[in-house]
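I have placed the structure first, in the form of structure tokens, so that the comments after it can refer back to it.
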Amino acid sequence: MPVYSLNLKVFWLLVAFLFTGIWCLFVTWRRDGVAQGEGSCPENGFNHLQVGFKFCLVFLLCYIVLRWCGSFPRRHYGPPCSLSVQQHHHQQQHRRNVLETYYEQHIRLSPHVLGHSKAHVSQIVGELIKVGKAKQHDGGVTFRGDFVQVGSAYEQHKINSPDCFDILVPLKMPQSLKFEPLLKENNKESVAPILQGGIMCQVAAPKKSEWVKTYKQFNECFCAEIDQKHQLSSALVLRWFHWKIQRCLNVIRYHFEERCHITLCVCDEKLILKILPRSDYVCCHISMSVRLIPAFHLGDSVFLTAQPWNKAFSQDSINLDIYWGINFSKHEQRLMSWFKDQAPLNSCHLKCLQIMKGLRDLNGKTLRPFVYSQWKAILSSYVLKTALFYLLLKIPVEQWDDSLLMERMEDLVLFLKECLEKQRLLHFFLGNINIPSFISLPKVFKEAQPVNLLEGYGPDILDHASFQLLNFWIQMPQILRMNASPRNVPRESARCKHAMFN
């Protein structure tokens with residue numbers, strides 16, 4: 001419930017005006033009494049009353065002028081006033097205390113719960129991949145190697161709850177076929193925002209005649225012909241992948257029947273593996289969702305990912321079924337590991353990213369559904385992570401100590417605000433000539449044109465997002481206090497009977 005706070009400036013103005021009016025009335029009545037005693041005309045009292053009110057009006061105008069003149073900022077040529085420095089320090093400490101409390105109650109995850117959840121997910125997905133590799137036929141798409149753990153749960157910046165995970169499932173094509181990634185052309189006038197970093201992938205055979213003789217079935221199941229060229233279709237690969245995982249799940253379901261209930265579903269065209277624990281086999285009793293993402297390896301740990309695109313931001317002239325995402329998770333993890341070795345032991349860089357994601361989600365609750373979808377897309381987790389990457393290379397490593405958390409948070413907010421105002425935030429890996437030397441990329445991505453992650457959004461939308469971001473940061477203590485109720489997510493387990501599945 002909002003609490004009214006007294007505005008002292010208005011209060012003392014009203015008090016001064018009230019006492020001045022009372023004094024003028026007193027003087028007027030006194031003169032009326034004297035005039036009546038001397039037999040003067042009673043109209044003089046009314047004239048004195050007018051003079052009194054005029055005096056009050058003049059006093060009020062003078063007060064307003066003095067306050068208006070005093071509202072201009074004064075330039076200090078000497079050292080700052082110690083009182084103002086103390087007030088600023090007290091205010092910053094108060095903001096940090098509120099933020100730390102919210103971080104502990106709503107954002108930070110228990111390492112125990114997260115560690116066990118990852119272990120359970122790894123065993124189940126591992127069994128799925130093992131069955132998939134044993135039951136496959138040559139001539140089409142097949143499983144390749146082991147699965148790859150990606151996303152915030154494995155990069156130590158997951159927030160809210162340890163129940164969602166992202167897994168890349170590497171696939172491979174027939175050996176004689178070759179990938180030819182086609183990056184977006186910069187001279188296109190109209191670009192859908194969701195396709196920033198998205199590419200098309202052409203498939204080439206040693207001879208054109210082999211498409212009819214050898215790869216006819218592959219072409220019909222996984223490719224779309226555009227301008228007489230064979231484009232690998234992410235939509236068709238997703239359809240086959242769903243069918244393949246469902247068959248593998250039917251094989252392993254009985255093995256885990258007494259321990260957990262496993263189902264496969266499609267949410268927003270994403271393939272989700274639902275894991276519901278039974279009895280005490282999962283110590284933390286958390287229902288987990290695992291997103292399985294089919295991917296093709298392009299070299300140097302770069303993957304093409306088949307993903308559904310957000311059709312709310314699509315354009316009718318763009319066929320989204322042939323576009324693929326590019327995953328640089330291994331390079332991101334390498335950059336984070338390098339920075340962790342250089343930074344202080346209590347570095348706050350991951351904490352800043354977690355808090356920024358939490359504040360974004362909290363502010364989104366106050367927006368209308370369509371505005372929220374735009375807000376979440378503009379300040380997506382990948383955009384926030386990209387902004388952090390640039391700041392990690394810009395700010396000296398020793399200044400990422402946890403004692404400077406508020407300063408680094410302000411740097412992140414102001415950097416994002418500047419990017420939104422300029423309508424420009426470049427992809428950290430695609431076409432970045434200043435990328436650290438220890439990160440190696442395939443030549444096609446290293447020499448690519450820079451990709452603006454904010455391209456395609458209107459100036460009004462970005463300006464509104466900039467205003468929302470800055471306003472929320474300024475009002476952050478009040479907003480966090482209004483959302484201070486702790487979440488109902490297990491923090492720590494009293495005892496753990498099963499560290500892993502037996």
Side-chain angles (χ1 to χ4, degrees), residues 91-111 113-114 151-164 332 335-336 339-340 343-367 372 375-395 397-420 425 428 465-487 489 491:
Q91 183 183 14
Q92 286 293 91
Q93 188 62 39
H94 171 68
R95 290 173 62 88
R96 170 156 189 161
N97 292 339
V98 174
L99 196 61
E100 289 279 7
T101 302
Y102 186 79
Y103 174 78
E104 291 294 330
Q105 293 183 351
H106 294 266
I107 297 179
R108 182 179 176 271
L109 298 180
S110 164
V113 178
L114 184 59
S152 58
Y154 301 99
E155 296 172 0
Q156 301 179 355
H157 56 83
K158 184 162 184 57
I159 65 172
N160 296 329
S161 57
D163 57 355
C164 297
E332 295 168 6
L335 177 63
M336 288 293 195
F339 184 83
K340 184 179 180 180
L345 293 177
N346 60 341
S347 175
C348 63
H349 63 288
L350 292 177
K351 192 175 183 180
C352 287
L353 181 57
Q354 289 177 298
I355 292 174
M356 199 68 229
K357 291 163 66 176
L359 296 181
R360 173 205 60 191
D361 294 344
L362 185 60
N363 184 63
K365 296 179 180 179
T366 64
L367 304 175
Y372 170 70
W375 165 263
K376 192 76 178 285
I378 293 172
L379 293 182
S380 64
S381 297
Y382 193 79
V383 168
L384 298 181
K385 188 163 56 173
T386 300
L388 179 66
F389 288 160
Y390 281 108
L391 289 181
L392 292 181
L393 301 183
K394 180 180 179 181
I395 300 175
V397 291
E398 62 273 7
Q399 295 187 18
W400 286 94
D401 189 271
D402 189 69
S403 61
L404 301 174
L405 173 65
M406 296 306 296
E407 287 79 358
R408 300 292 78 81
M409 281 297 302
E410 289 184 1
D411 289 337
L412 182 56
V413 171
L414 293 178
F415 180 80
L416 287 168
K417 176 179 176 293
E418 181 182 359
C419 292
L420 292 173
L425 176 62
F428 189 79
S466 175
F467 170 78
Q468 287 281 345
L469 176 65
L470 187 60
N471 182 67
F472 186 86
W473 176 247
I474 294 174
Q475 303 294 333
M476 180 263 298
Q478 295 86 344
I479 297 176
L480 294 188
R481 280 197 297 267
M482 294 173 61
N483 296 270
S485 58
R487 59 184 174 184
V489 175
R491 307 291 303 167

query = Nearest heavy-atom pair of I159 and G358: which atoms, and what distance?
reply = CD1-N, 3.7 Å

task = Looking only at non-hydrogen atoms, find the nearest pair between L109 and K158 and report the distance.
result = CD1-O, 3.7 Å

ask   = When rounded to the nearest 0.5 angstrom, what distance separates CE in M409 from CG in L404?
value = 13.5 Å

query = Hey, does F472 have a side-chain heavy atom less than 4.5 Å from the side chain of T366?
reply = no

message = Heavy-atom count check: over 12 atoms from other residues, nucleotides or ligands less than 6.0 Å from K385 NZ?
response = yes

request  = Would you give the length of the straight line joining atom NE2 of H349 to atom CD of Q399, rounded to the nearest 0.5 angstrom?
outcome  = 15.5 Å

inquiry  = Quick check for you: to the nearest 0.5 Å, what is the distance between M476 atom CE and N363 atom CG?
reply    = 12.5 Å

task = Test E155 against L350 for side chain to side chain contact (heavy atoms under 4.5 Å, CB included), laying out the working first.
result = CA-CA 9 Å; E155 296 172 0; L350 292 177; over 6 Å; no

task = Could you tell me the separation between the CZ atom of R96 and the OG1 atom of T101, rounded to the nearest 0.5 Å?
result = 11.0 Å

key: Partner set under side-chain hydrogen bond (donor to acceptor under 3.5 Å, both in side chains) for R408, not counting sequence neighbours   = D411

Exercise answer: donor-acceptor pairs, residues 376-383 side-chain atoms, under 3.5 Å, sequence neighbours excluded:
unit_1, atom_1, unit_2, atom_2, d
S380, OG, V383, N, 3.3
S381, OG, R360, NH1, 3.4
Y382, OH, H427, NE2, 3.0

task = Check whether any side-chain heavy atom of L367 sits under 4.5 Å from a side-chain heavy atom of Q468, and report yes or no.
result = yes

request  = Report yes if some heavy atom in the side chain of F389 is under 4.5 Å from a heavy atom in the side chain of M336; otherwise report no.
outcome  = yes

ask   = How about L392 and L388: do any of their side-chain heavy atoms sit closer than 4.5 Å?
value = yes

request  = Kindly write out the residues that satisfy side-chain hydrogen bond (donor to acceptor under 3.5 Å, both in side chains) with N471, not counting sequence neighbours, or none if the list is empty.
outcome  = none

query = Where do A465 and L420 come nearest, in terms of heavy atoms and distance?
reply = C-CD1, 3.9 Å

remark   = In this structure, CG of L405 is separated from CD1 of I355 (nearest 0.5 Å) by 5.0 Å

ask   = With a 4.0 Å cut-off, would you call E100 and K351 a salt bridge?
value = yes

query = Is the count of non-hydrogen atoms from other residues, nucleotides or ligands lying under 6.0 Å from Q156 atom CD greater than 12?
reply = no

task = Report yes if the side chains of K357 and Q354 come closer than 4.5 Å at any heavy-atom pair, otherwise no.
result = no

remark   = Nearest heavy-atom contact between L359 and L480 is CD2-CD2, 3.9 Å

remark   = Looking only at heavy atoms, the pair that brings L425 and C419 closest together is CD1-SG, 3.8 Å

query = How many angstroms lie between atom CG of L391 and atom CG of L416, to the nearest 0.5 angstrom?
reply = 8.0 Å

key: Validation row: Q478, V98 side chains within 4.5 angstrom (heavy atoms)   = no

inquiry  = Using every non-hydrogen atom in the two residues, find where F339 and S347 come nearest and quote the distance to one decimal.
reply    = CE2-OG, 3.9 Å

